[in-house]
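Data first, discussion second: the structure below is written as structure tokens.
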Amino acid sequence: MNNNNTPPKPLEESLDLKEFIALFKTFFAKERDTIILENDLKQTFTYLNEVDAIGLPTPKSVKESDLIVIKLTKLGTLHLDEIFEIVKRLRYIVILQNTFKTFTHLKFHERLNAIVLPLFFNDLIALFDDEGKIKQGANATLDALNESLNRLKKESAKIIHHYAHSKELAPYLMDTQSHFKHGYECLLLKSGFSSAIKGVVLERSANGYFYLLPESVQKIVQKIAQIDNEIDCCIVEMCQTLSHSLQKHLLFLKFLFKEFDFLDSLQARLNFAKAYNLEFVMPSFTQKKMILENFSHPILKEPKPLNLKFEKSMLAVTGVNAGGKTMLLKSLLSAAFLSKHLIAMKINAHHSIIPYFKEIHAIINDPQNSANNISTFAGRMKQFSALLSKENMLLGVDEIELGTDADEASSLYKTLLERLLKQNNQIIITTHHKRLSVLMAENKEVELLAALYDEEKERPTYTFLKGVIGKSYAFETALRYGVPHFLIEKAKAFYGEDKEKLNVLIENSSALERELKQKNELLENALKEQEDLKNAWLLEMEKQKEIFHNKKLELEKSYQQALNLLKSEVASKDTSSMHKEIHKASEILNKHKTNQEIPQIITSFQANEKARYKNESVLIVQILDKGYYWIETELGMRLKAHGSLLKKIQKPPKNKFKPPKTTIPKPQKASLRLDLRGQRSEEALDSLDAFLNDALLGGFEEVLICHGKGSGILEKFVKEFLKNHPKVVSFSDAPINLGGSGVKIVKL
């Protein structure tokens with residue numbers, strides 16, 4: 001027997017994430033094998049949110065730094081390109097520090113400030129140009145050698161150009177171009193040239209022509225080679241000096257390489273998320289339940305977003321073959337995997353919760369291995385035995401019943417799964433074992449989920465229903481894929497009438513659950529509508545309270561003004577003047593009294609008649625005494641109003657020509673509330689601008705902007721935008737029942 005073990009597939013490969021992770025890795029400046037973050041997850045997530053609002057410059061690509069550290073540790077000399085690898089990292093740190101120097105309130109600024117470059121490294125940065133060569137002026141000897149080299153090259157090119165256009169060589173020249181062979185500039189000549197020019201043949205062409213280095217150029221080439229050698233020696237000396245200095249700063253270099261790798265991982269994650277419109281989900285260290293809203297697995301081309309609440313310790317997925325059970329399992333594990341490593345995904349992050357799992361394991365593929373003499377069932381048992389001591393892990397098992405007798409497997413797997421559940425693990429399985437599902441359903445920590453089948457269209461719906469055991473529809477699936485009908489009928493006869501009745505009961509139960517779910521959705525929608533009406537009423541109440549308060553202040557001010565006039569005149573004891581000022585005070589008070597008096601012209605209305613109240617249309621609900629009416633607004637609020645405040649709605653006269661007029665239609669999507677939570681700053685400001693335009697066109701005087709609390713960055717951008725908007729009268733935090741400091745009430 002061969003005891004060699006076949007290495008298990010990487011988790012990302014088992015979950016069909018291989019291509020997605022490979023695409024993500026292309027955003028790193030340094031090529032790497034691992035995606036693991038060595039930094040604290042919470043701290044990294046804070047940095048991601050802070051940097052996302054400002055933007056992070058992309059570093060130049062760099063090479064691995066391990067060899068640099070090894071050479072310096074062994075007192076070796078670095079090559080010039082290796083020293084430039086250090087410079088590229090240093091320059092990126094300096095660029096970041098300059099970019100974030102004004103954002104002193106950010107945690108990310110705090111981290112960058114902790115990187116203090118020794119003076120030697122500032123000089124090192126200034127030594128190189130952008131191409132990694134020593135700058136002119138950095139070394140006098142090197143400058144002189146480079147100047148001589150350039151002069152000799154120009155002289156060589158001048159001689160070649162002269163020969164290429166000389167009359168003596170014209171009969172032998174193939175063209176007037178200069179050619180490069182073995183690093184030398186030369187001429188391409190026909191045979192017989194020796195009578196006209198002397199030189200060294202470097203090579204023969206495929207057509208039998210000669211690449212000739214003229215004798216006069218040959219001497220210059222020798223000088224060039226000598227100067228090249230001197231330049232190399234000069235650079236080696238500089239590298240030795242620089243390497244010696246770098247050896248003294250070896251600890252700082254190790255710190256620098258580690259910080260650069262972390263900053264590179266931040267940049268890669270942000271750029272990847274922006275490039276593909278993805279979102280980050282910070283894993284929860286306190287929550288056990290998993291909630292996914294609008295999650296899509298990266299491998300799916302036209303995905304149907306997954307919305308699922310996994311609130312217990314185990315999820316048993318049953319139901320129709322090819323109904324999406326395996327992809328559901330892979331999606332749940334993939335979401336946990338991507339969240340654990342803070343890799344952006346297609347999801348509604350604001351409404352999703354993903355717990356943090358110490359380990360994630362997937363038992364998906366058939367473990368059978370002929371070379372190792374392992375059967376399917378034996379392989380599964382080997383996989384389970386390796387996991388029995390694990391705690392706080394997420395385990396996914398696809399087709400758990402593979403490889404052995406159904407009844408025996410049900411009892412065995414029930415025991416194994418319950419052992420794992422006791423160790424604070426969370427488990428997702430897919431199975432066709434109705435017996436196993438029934439046995440596990442007795443456990444309060446187990447949720448059932450069934451993949452649904454559309455019997456009319458005779459195909460899976462790729463949707464799921466909680467709380468039921470699904471039918472596999474094996475006969476229907478076989479028929480759909482070409483198995484003859486008479487064979488299906490024969491199989492059903494063997495299957496047995498009693499088991500078919502059980503399937504019918506299962507399906508009826510699923511139908512009842514679906515009906516209940518639809519009714520719940522209708523009820524939730526009705527409750528939401530009532531909640532919206534309640535919020536609108538509360539807004540109107542707050543508005544009326546403010547109007548009343550302002551009016552009260554105005555009246556108190558007028559009263560005090562009149563009283564002061566009377567007091568001053570009484571003190572002066574001037575009777576005629578006192579009468580005049582009493583008259584003035586009376587006018588001041590009567591001004592407000594007149595404004596509050598009910599006009600004598602009162603229009604009468606009938607019940608159910610429409611009228612105009614202030615600037616909106618209302619319905620007359622009931623006629624009251626003393627000229628008052630009960631009215632109902634378009635928002636459903638009922639008010640008591642006097643007939644003097646109501647106006648008839650004039651109907652347009654028939655058959656009369658009206659001149660055309662330009663009107664701006666009210667937007668169809670105008671709303672009193674805008675939710676910006678979960679949006680990036682640029683996207684949020686665009687949404688806010690469009691929302692305010694729609695609100696103004698819709699005639700709204702007051703709207704709600706929900707930005708959430710969070711880190712406060714989004715709130716800062718919203719406040720700044722509202723301050724500068726020409727149509728915003730004022731804004732303030734909403735009452736606690738409407739969201740408190742996470743919501744702004746804006747008056748337009």
Side-chain angles (χ1 to χ4, degrees), residues 25 27-52 54-128 130 132 238-271 341-342:
K25 286 180 179 178
F27 284 81
F28 284 94
K30 186 184 84 172
E31 188 176 334
R32 60 183 73 193
D33 295 326
T34 181
I35 56 170
I36 296 172
L37 275 169
E38 295 182 2
N39 210 62
D40 177 74
L41 275 179
K42 292 181 181 177
Q43 192 179 52
T44 304
F45 190 68
T46 301
Y47 294 154
L48 283 171
N49 284 326
E50 291 179 343
V51 172
D52 184 35
I54 299 163
L56 195 66
T58 303
K60 290 185 177 181
S61 60
V62 297
K63 296 177 182 176
E64 184 55 63
S65 58
D66 290 350
L67 185 60
I68 295 173
V69 174
I70 291 170
K71 277 189 177 182
L72 292 176
T73 304
K74 295 184 177 181
L75 305 181
T77 299
L78 299 177
H79 295 302
L80 195 66
D81 60 340
E82 291 174 323
I83 297 173
F84 186 58
E85 287 297 318
I86 298 172
V87 171
K88 283 194 282 186
R89 289 166 167 85
L90 289 168
R91 283 179 176 169
Y92 183 61
I93 298 293
V94 171
I95 289 170
L96 284 182
Q97 288 177 334
N98 290 332
T99 303
F100 287 85
K101 64 183 177 182
T102 58
F103 299 95
T104 54
H105 62 287
L106 300 181
K107 294 287 184 184
F108 189 66
H109 174 272
E110 214 175 283
R111 178 157 189 152
L112 289 175
N113 249 22
I115 307 173
V116 181
L117 301 184
L119 291 176
F120 164 74
F121 288 101
N122 291 319
D123 297 334
L124 185 65
I125 292 172
L127 196 62
F128 288 83
D130 291 340
M238 290 183 70
C239 288
Q240 288 173 340
T241 304
L242 293 172
S243 297
H244 181 68
S245 299
L246 287 168
Q247 286 160 9
K248 299 175 183 178
H249 298 283
L250 187 57
L251 286 176
F252 175 80
L253 279 178
K254 290 179 180 179
F255 168 71
L256 173 71
F257 292 146
K258 187 175 180 180
E259 281 300 290
F260 178 86
D261 286 347
F262 172 69
L263 294 170
D264 181 29
S265 71
L266 274 186
Q267 169 270 331
R269 282 166 167 79
L270 284 171
N271 286 358
H341 298 294
L342 276 184

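We count residues from 1, following the sequence as given.
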query: Asn98 and Val94: side-chain contact (heavy atoms from CB on, under 4.5 Å), yes or no, with the steps?
result: CA-CA 6 Å; Asn98 290 332; Val94 171; 3.7 Å; yes
query: So Leu48 and Leu270, side-chain contact (heavy atoms from CB on, under 4.5 Å) or not? Walk me through it.
result: CA-CA 7 Å; Leu48 283 171; Leu270 284 171; 3.7 Å; yes
- request: Determine, stepwise, if the pair Val51 / Arg269 fulfils side-chain contact (heavy atoms from CB on, under 4.5 Å).
  value: CA-CA 11 Å; Val51 172; Arg269 282 166 167 79; over 6 Å; no
Ile36 vs His341, side-chain contact (heavy atoms from CB on, under 4.5 Å): CA-CA, chis, key distance, verdict: CA-CA 6 Å; Ile36 296 172; His341 298 294; 3.9 Å; yes
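Among Lys30, Arg32, Arg89, the one residue that satisfies the side-chain hydrogen bond (donor to acceptor under 3.5 Å, both in side chains) test with Asp264 is Arg32.
Annotation: the span from Thr44 atom OG1 to Arg111 atom CZ amounts to 7.0 Å, rounded to 0.5 Å. Separation of atoms CG (Leu78) and CD1 (Ile86) is listed at 5.5 Å; rounding is to 0.5 Å. One distance of note links OG1 of Thr104 with NE2 of His109; it measures 6.0 Å at 0.5 Å rounding. Note that CG of Asp123 is 11.0 Å distant from CG of Leu117, once rounded to the nearest 0.5 Å. In this structure, His249 NE2 and Leu72 CG are separated by 11.5 Å, a value rounded to the nearest 0.5 Å. Distance OG/Ser243 to CG/Leu75: 10.5 Å, rounded to 0.5 Å.
Around NE2 of His105, the count of heavy atoms belonging to other residues, nucleotides or ligands within 6.0 Å exceeds 12.
Within the 4.5 Å cutoff, the side chain of Phe45 has heavy atoms near those of the Asn49 side chain. Annotation: side chain of Tyr92 is not in contact with side chain of Val62 (no heavy-atom distance under 4.5 Å). The closest side-chain heavy-atom distance from Leu246 to Ile68 is not below 4.5 Å. Contact check for Asn271 versus Leu56: no side-chain heavy atoms found under the 4.5 Å cut-off. The side-chain heavy atoms of Phe260 and Ser65, taken from C-beta on, include no pair separated by under 4.5 Å. Two residues are said to be in side-chain contact when any heavy atoms from C-beta on lie closer than 4.5 Å; Phe108 and Ile54 fail this criterion.
Between Phe252 and Phe121, the ring planes are tilted. Angles from 30° to 60° get that label.
No donor-acceptor pair closer than 3.5 Å links the side chain of Tyr47 to the backbone N or O of Leu263. Of the possible donor and acceptor atoms, one in the side chain of Lys88 sits under 3.5 Å from a partner among the backbone N and O of Ser61. For Glu31 (side chain) and Lys25 (main-chain N/O), no donor-acceptor pair under 3.5 Å exists by modelled atom type. With hydrogens and angles ignored, the 3.5 Å screen pairs no side-chain donor or acceptor of Glu50 with any backbone N or O of Leu106. Looking only at distances, a side-chain donor or acceptor of Gln97 sits under 3.5 Å from a matching main-chain atom of Leu112. Between the side chain of Glu85 and the backbone N or O of Lys63 there is at least one donor-acceptor pair closer than 3.5 Å.
Nearest heavy-atom pair, Thr99 versus Ile95, reported as atom, atom and distance to 0.1 Å: OG1-O, 2.7 Å.
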